[in-house]
Amino acid sequence: MKPFVKPMAALAALLCVTVYSGSLSGQGQDVRHMVQIAPDVYTFTGGGSNSSFVVTPEGVLVFDADIRNDDLPAIRKVTDKKIVYLLSSHASGDHSTGAWHFRADHPLFIATRNQINSFPVEQKEFNASKAKGVGNYKDAEILPPTMGFDDILSIHFGGLTFVARAEGYGHTNGDLTVYIPQRRVMFMGDLLNNEIHPGQAEAAGVFFAQVQSWIDILNKVVGRNLPVETYVPGHGPPHVGRGAADLEEQRDYFIAMRAEVAKMIQAGKSLEQIQKEFTVPPRFASYQSPGRLTPFLRLYYNQLIEAGTVN
Ligand SMILES: [Zn+2]
């Protein structure tokens, strides 16, 4: 495995950004902290889903926002410029519900058309949490995307190019990435999870992830051979400078995990037995959030035998 540097969890000071060589697995994963990915490019990680922002002379572009994490005060410590654009990677609540935090700046909120079509489902889930009086939901509203696109959208803003691309059906039915060539960074949303088992993309009781399509998308992105230094994950710590090795690891993870499930099916195991007896292959055994495995094993199982993807 190629050596790489990992961002250090800044346990106390949000703006204390340090990188060092070595492993951080299991340390500070649950503490929200900010990592500098490239000049003007920052990611909040830990304590839920990742969220990134890019500072330009004309304002700020934010990628992904969760109502449960108000990152605006920390952004304000870096810049007082307005949030001009907000993009969300997909319709899951931990990436698409945070527009409320930026409402004073009235950003243009961009998503794929698929995500816009999924909005009523997200709204239902959001309102259910709001009705329970949960945390930040309590006094907030879910704001819908204001612009949708299929395929590719190029945004020229503040001297940078933001290439937003609808990657197709993978983690969900509409996963969007953003590539910034001048910064050699690509925001992957939940198509990439570092050091953590991926989620099944559950939204209001509907399970979206399609394993083979997800593998295909990862191969497609790798195959572009983009000069990207850092692919920023939707969950788990960004690996600054590791490049496409992260995408390959995510792809290899799915191939290895699915192969294990296939072996167990071949041995006559039921889904329940697989969920109980499954052992994560050694290469991925240190991944965080093993609780995400049980529902995802059902996806491997159902998709291998073509028994459907829902429940
Ligand atoms: Zn997520």
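All values derive from a computational prediction rather than experimental measurement. Atoms within each ligand, like the ligands themselves, are counted from 1 in listed order.
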Minimum heavy-atom distance M186-V221, with the two atoms named:
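Shortest heavy-atom contact: CE-CG1, 3.8 Å.
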Can you name the N, O or S atom of D94 that is closest to the Zn ion (ligand 1)?
OD2
For the Zn ion (ligand 1), what is the closest N, O or S atom on D190?
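Going by distance to the Zn ion (ligand 1), the closest N, O or S atom in D190 is OD2.
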How wide is the angle at the Zn ion (ligand 1) between NE2 in H95 and NE2 in H235, to the nearest 10°?
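Seen from the Zn ion (ligand 1), NE2 and NE2 are separated by roughly 110°.
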Give a yes or no on whether a salt bridge exists between D71 and R32, defined as a side-chain N under 4.0 angstrom from a carboxylate O.
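Between R32 and D71 there is a salt bridge, with a charged N closer than 4.0 Å to a carboxylate O.
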Is it true that R103 and D70 have a side-chain N and a carboxylate O under 4.0 angstrom from each other?
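So R103 does not pair with D70 through a salt bridge.
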Kindly indicate whether the side chain of Y253, heavy atoms from C-beta on, has any atom under 4.5 Å from the side chain of N193.
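No - every pair of side-chain heavy atoms lies 4.5 Å or more apart.
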